[in-house]
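Structure record follows, encoded as C-alpha cells.
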Amino acid sequence: MGRTCIIGAGSSGVTVAKALKEAGQAFDIFEIGSQIGGMWRYGNDNGRSSCYASLHIDTSRPNLGYSDFPIDPKLPDFLSHRQFLEHLEAYAAAHGIPEKVTFNTRVESVVPEEGGYRVTLGSGEVRDYDRVVIATGHLTDTRQPDFPGTFNGESLHSHHYRTADPFIGKRVLVVGIGNSAVDIAVDLCRRAEHVTLSTRRSAWVMPKYLMGVPIDQWSGFLGRRLRLPSPMVRRIMAQLIKLGVGDQRRFGLPRPEHPMYREHATLSQELLPMIGHGYIDVKPNVAELRGDGVAFVDGSEAEYDAVIYATGYEVTFPFLDRWVFDPDLQLGELYRRMVVPAHPGLIHAGLVQPVGPTIPLVEVQGKWIAALASGAMTLPSREGMDAEIRAHRDYQRRVYVDSPRYVLEVDGKLYSGQMKADMASGVAG
Ligand SMILES: Cc1cc2nc3c(=O)[nH]c(=O)nc-3n(C[C@H](O)[C@H](O)[C@H](O)COP(=O)(O)OP(=O)(O)OC[C@H]3O[C@@H](n4cnc5c(N)ncnc54)[C@H](O)[C@@H]3O)c2cc1C
Ligand SMILES: NC(=O)c1ccc[n+]([C@@H]2O[C@H](COP(=O)([O-])OP(=O)(O)OC[C@H]3O[C@@H](n4cnc5c(N)ncnc54)[C@H](OP(=O)(O)O)[C@@H]3O)[C@@H](O)[C@H]2O)c1
C-alpha cells in the first residue's frame, strides 16, 4: 500500500519503523543526528536532546519495556538515560532498524500534493511518499515566560541544563514544578549555595516509591489487575499518596487548587526531604525580574546568580507550512492524537503526554499506523474523525487542568485501549 516516510529516529520513530517492517510495509526513515535515540542520547549530536546527566526515567522497569522486548530484570527499578538508550539500541538492532535509517539528514519540508506528500531533504533531494509519519519529538523548543524586567545573572532553560557544575556555590532560582524543575532543583541543591523553586499553581508531588514499591506498579495493579476504571484508580492513588507523603504544606509547598488526579504527575522521591533539610525553599510565581534579584507575587524578594526556566516546551514543526498544520491551532485537532484530518496521510507519532509512560504507548501507535499502512484498518470519514476529536477535547476539558501544558495529555490506558479496539475491528472508531 505504498511508501511511508518516517521523520526522526528517537524512541517513537524506531518503534513505528519496527511495526511497519513487521507489517511488510516499505519505508524510509530520516534522522538529523548520526545515531538513533533522540532525547535519550545525552549530548546527542542532533543538538536537540534535553537530557541532563542525572536523568532517570520515571516509569519503573516492568512498565517501560516494549511488549515483545522486556527490559533486563537485572537493571534497576528506574533506568538511567544511558541504560534506557542501551535498551532502545538493543531493540532497534534486534529488528534491523539502524541500517534502515538515513542519518545526518534533516527533513526540510513536507508538502501535500495530489495523492501523496513531497518530502525535501537537507541535501536538496526530493522524494514522494504516500504518507509521512512525524516522529520528531515535542520537547525541544523552549517555552519562555515573559516576566517583566531584566535579570543580570545567568538565565537558561532546563533544555540546556546538563549538570550542577556551573552552579556550585551559586544562588539559583528554578521556575516551574514539572518533572524537569523538581529533578533539576534536587540535582543542584547540595552543590549550589541555595535553590529556590518558584511555582504559580503548585503540584501534588508524588514519591517514586510507596511502601517500597514503585508507584506506577500500584496504579498498574489497580488498573490492569483489578480492572478498575482510570478515574477510580487515580482517586485511590491520590488517597494512598496523601497517606504516604502527608500534607505537603508542611514543606511550604502549597496545596494545588485542582485535585491530584487532574494533573500530569510530578514525581520526586527527594524534593520534599531536600526542602525539609533546608537546601530548597519554595516561592510563588515571579512578579518581576529586578537586576540582581527577583520579586515574587507574595511581595517577597531575593537575590540570585542564576535563573533556570523549567517552564516546558512549545511544539513546532519547521518543515510544515502553517496551511498544512499549524501547531498553535491544531495540536488538539488530531484524530486519535495522530492523523491530521485534512491530510490523512500526515500522521504524528509520540505527540502525546500520557498519564503513564510515553514509550510503550507509542509502540501501540506504531502498530496502529502499520495497520493503516497495510490496509488492515481503515480511517473513518472526515465527519467521524471530527466527532472523535470533539469527544476527546470534551474529555480533556472535564478531566485535566486548564493550562497549555495539557493540550497533549492522554490517559495512557484508555487511549491504548481505543487504538487496540480500532485494530481489532479493522475500522478506526
Ligand atoms: C527530561 C525528559 C525526561 C523524560 N522522561 C520520560 C520518562 O521517564 N518516561 C517517558 O515515557 N517519557 C519521558 N520523556 C518523554 C520522552 O521525550 C519520550 O518518552 C520519548 O522518548 C520521545 O521520543 P521521540 O522519538 O518522540 O522524540 P525524540 O527523542 O525527541 O526524537 C525525535 C528525533 O527526531 C529527529 N528529528 C527532529 N526533526 C527532524 C527533522 N526535521 N528531520 C529528521 N530528523 C528529525 C531528532 O533528531 C530526534 O532524534 C521525557 C522527556 C524529557 C524532556
Ligand atoms: N524524570 C523524568 O522522567 C522526567 C524529567 C523531566 C521531564 N519529564 C517529562 O518531560 C515532559 C516535560 O516536562 P517539563 O517539566 O520540562 O515541562 P512541563 O511538564 O510542561 O512543566 C512546566 C512547568 O512550568 C510551569 N510554567 C509554564 N509556563 C510558565 C509561566 N509562564 N510562568 C510560570 N510557570 C510556568 C508549569 O506550570 P503550570 O502547571 O501552571 O502550567 C509547570 O509547572 C513531561 O512529560 C515530563 O513528565 C520527565
Side-chain angles (χ1 to χ4, degrees), residues 6-16 29-41 44-52 54-59 63-64 78-79 81 84-85 88 101-110 119 121-122 134-140 142-147 157-159 161 174-184 197-203 208 256 258 263-268 284-286 309-313 316-320 348-354 356-362 401-406 408-409 412:
I6 303 171
I7 314 176
S11 58
S12 298
V14 164
T15 198
V16 172
I29 171 166
F30 300 105
E31 166 57 49
I32 293 175
S34 63
Q35 287 166 288
I36 69 157
M39 137 83 216
W40 294 103
R41 184 173 292 284
N44 196 327
D45 64 7
N46 68 359
R48 296 170 59 91
S49 171
S50 302
C51 186
Y52 34 90
S54 63
L55 178 64
H56 281 250
I57 228 152
D58 63 5
T59 305
N63 290 334
L64 184 67
F78 294 100
L79 271 59
H81 57 81
F84 177 71
L85 178 64
L88 182 64
V101 182
T102 308
F103 289 108
N104 303 306
T105 302
R106 181 188 293 268
V107 167
E108 297 288 354
S109 86
V110 176
V119 172
L121 306 178
I134 300 165
T136 51
H138 59 92
L139 299 171
T140 294
T142 61
R143 181 187 296 139
Q144 206 72 38
D146 54 352
F147 297 132
H157 189 276
S158 59
H159 172 64
Y161 176 86
V174 178
V175 181
I177 192 168
N179 286 305
S180 298
V182 299
D183 268 5
I184 290 170
L197 191 72
S198 154
T199 166
R200 60 181 175 182
R201 194 195 305 270
S202 194
K208 278 185 156 175
H258 54 268
E263 73 174 11
H264 184 74
T266 296
L267 279 133
S268 177
N285 205 11
V286 172
Y309 292 100
T311 43
Y313 295 86
T316 63
F317 301 104
F319 48 87
L320 291 176
H348 291 271
L351 190 56
V352 285
Q353 179 154 281
T358 309
I359 291 155
L361 191 62
V362 184
V401 171
D402 179 22
S403 161
R405 190 183 167 200
Y406 287 86
L408 301 179
E409 201 75 12

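Order of appearance sets the numbers: ligands from 1, and atoms from 1 within every ligand.
In terms of protein heavy-atom proximity, atom 4 (C) of ligand 2 is nearest to N179 CB, 3.6 Å. When only non-hydrogen protein atoms are considered, atom 44 (C) of ligand 2 lies nearest to Q353 OE1, 3.4 Å. Annotation: atom 30 (C) of ligand 2 to nearest protein heavy atom, R200 NH1, 3.4 Å. Atom 20 (O) of ligand 2 has R405 CG, 3.4 Å as its closest protein atom, hydrogens excluded (heavy atom only). Scanning the protein heavy atoms around atom 17 (O) of ligand 2, the nearest turns out to be G312 CA, 3.4 Å. Atom 3 (O) of ligand 2 has its closest protein heavy atom at D58 CG, 3.0 Å. The protein atom (non-hydrogen) at minimum distance from atom 27 (C) of ligand 2 is T311 O, 3.4 Å. What sits closest to atom 13 (O) of ligand 2 on the protein, heavy atoms only, is S180 OG, 3.9 Å.
Nearest heavy-atom pair, Y161 versus I184, reported as atom, atom and distance to 0.1 Å: CD2-CG1, 3.7 Å. Between S49 and G38, the shortest heavy-atom distance links the atoms CB-O, 3.9 Å. Taking every heavy atom of both residues into account, V175 and A181 meet most closely at O-CB, 4.5 Å. Closest of all the heavy-atom pairs between I6 and A135 is CG2-CB, 4.4 Å. Nearest heavy atoms, L121 versus F30: CD1-CE2, 3.6 Å.
With a 4.0 Å cut-off on non-hydrogen atoms, D183 touches ligand 2 through its side chain and not its backbone. For N285, every heavy-atom contact with ligand 2 shorter than 4.0 Å involves the side chain, none the backbone. Only the backbone of A310 comes within contact range of ligand 2, with a heavy atom under 4.0 Å; no side-chain atom does. The proximity of L139 to ligand 2, defined as any non-hydrogen pair under 4.0 Å, is limited to the side chain. Contact annotation for H56 and ligand 2: only backbone heavy atoms (N, CA, C, O) come within less than 4.0 Å of the ligand.
Using a 4.0 Å cut-off to heavy atoms of L55, the atoms of ligand 2 that qualify are 1 (N), 2 (C), 5 (C). Those atoms of ligand 2 that come under 4.0 Å of a heavy atom in Y313, given as number and element, are 16 (O). Residue Y52 approaches ligand 2 through these ligand atoms, each under 4.0 Å from one of its heavy atoms: 5 (C), 6 (C). The distance from ligand 2 to the heavy atoms of G178 drops below 4.0 Å at these ligand atoms: 15 (O), 21 (O), 23 (C), 43 (O). Atoms of ligand 2 lying under 4.0 Å from any heavy atom of F147, numbered from 1 in the order shown and given with element: 32 (N).
Looking at residues two or more places apart in sequence or on another chain, you find a side-chain hydrogen bond (donor to acceptor under 3.5 Å, both in side chains) between Q353 and E409. Under the side-chain hydrogen bond (donor to acceptor under 3.5 Å, both in side chains) criterion, E263 pairs with H258, not counting sequence neighbours. Evaluation of the side-chain hydrogen bond (donor to acceptor under 3.5 Å, both in side chains) rule for H81 yields no partner, not counting sequence neighbours.
Note: N285 CG to T199 OG1 = 7.5 Å, rounded to the nearest 0.5 Å.
Taking the side chain as every heavy atom from C-beta outward, L351 and F317 approach each other to under 4.5 Å.
In this structure a side-chain-to-backbone donor-acceptor pair under 3.5 Å is missing from R106 to E31. Counting only distance, with no hydrogens or angles, the side chain of S180 and the backbone of G178 share no donor-acceptor pair below 3.5 Å. The backbone N or O of A265 lies less than 3.5 Å from a partner atom in the side chain of N179, making a donor-acceptor pair. Of the possible donor and acceptor atoms, one in the side chain of H157 sits under 3.5 Å from a partner among the backbone N and O of G312.
Considering backbone and side-chain N/O atoms, R201 comes within less than 3.5 Å of an N/O atom of ligand 2. In terms of polar-atom proximity, G176 is not counted as a contact of ligand 2, lacking any N or O under 3.5 Å from an N or O of the ligand. Between S158 and ligand 2, a contact under 3.5 Å exists for no N or O pair. When only interatomic distances are considered, the shortest N/O to N/O separation between I177 and ligand 2 falls below 3.5 Å.
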### Query
Given Y313 and S50, is the side chain to side chain donor-acceptor pair (under 3.5 Å) satisfied, shown in steps?
CA-CA 10 Å; Y313 295 86; S50 302; 3.1 Å; yes
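D45 and S34 are linked by a side-chain donor-acceptor pair at a separation below 3.5 angstrom, with hydrogens and angles left out of the test. For the residue pair H159/T142, the side-chain donor-acceptor check at 3.5 Å is not satisfied.
Contact analysis leaves Y309 out of contact with ligand 2, as no non-hydrogen atom separation drops below 4.0 angstrom. Assignment of Y406 to the shell around ligand 2 is not supported, since no heavy atom sits closer than 4.0 Å.
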Do any nitrogen or oxygen atoms of ligand 1 lie under 3.5 Å from a protein nitrogen or oxygen, and which ones?
unit_1: ligand 1; atom_1: 8 (O); unit_2: D58; atom_2: N; d: 2.8
unit_1: ligand 1; atom_1: 8 (O); unit_2: D58; atom_2: OD1; d: 2.9
unit_1: ligand 1; atom_1: 11 (O); unit_2: T358; atom_2: N; d: 2.8
unit_1: ligand 1; atom_1: 21 (O); unit_2: S11; atom_2: OG; d: 2.9
unit_1: ligand 1; atom_1: 21 (O); unit_2: W40; atom_2: NE1; d: 2.7
unit_1: ligand 1; atom_1: 23 (O); unit_2: S11; atom_2: OG; d: 3.1
unit_1: ligand 1; atom_1: 25 (O); unit_2: S11; atom_2: N; d: 3.2
unit_1: ligand 1; atom_1: 25 (O); unit_2: S12; atom_2: N; d: 2.9
unit_1: ligand 1; atom_1: 25 (O); unit_2: S12; atom_2: OG; d: 3.4
unit_1: ligand 1; atom_1: 26 (O); unit_2: S12; atom_2: OG; d: 2.6
unit_1: ligand 1; atom_1: 29 (O); unit_2: M39; atom_2: N; d: 2.7
unit_1: ligand 1; atom_1: 41 (N); unit_2: V107; atom_2: O; d: 3.1
unit_1: ligand 1; atom_1: 42 (N); unit_2: V107; atom_2: N; d: 2.9
unit_1: ligand 1; atom_1: 44 (N); unit_2: I32; atom_2: N; d: 3.3
unit_1: ligand 1; atom_1: 47 (O); unit_2: E31; atom_2: OE2; d: 2.6
unit_1: ligand 1; atom_1: 47 (O); unit_2: N46; atom_2: ND2; d: 2.8
unit_1: ligand 1; atom_1: 49 (O); unit_2: E31; atom_2: OE1; d: 2.7
unit_1: ligand 1; atom_1: 49 (O); unit_2: E31; atom_2: OE2; d: 3.0
unit_1: ligand 1; atom_1: 49 (O); unit_2: N46; atom_2: ND2; d: 3.3

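Counting protein heavy atoms under 4.0 angstrom from atom 9 (C) of ligand 2 gives zero.
Checked against the 6.0 Å centroid threshold, F84 and H56 do not count as a close aromatic pair.
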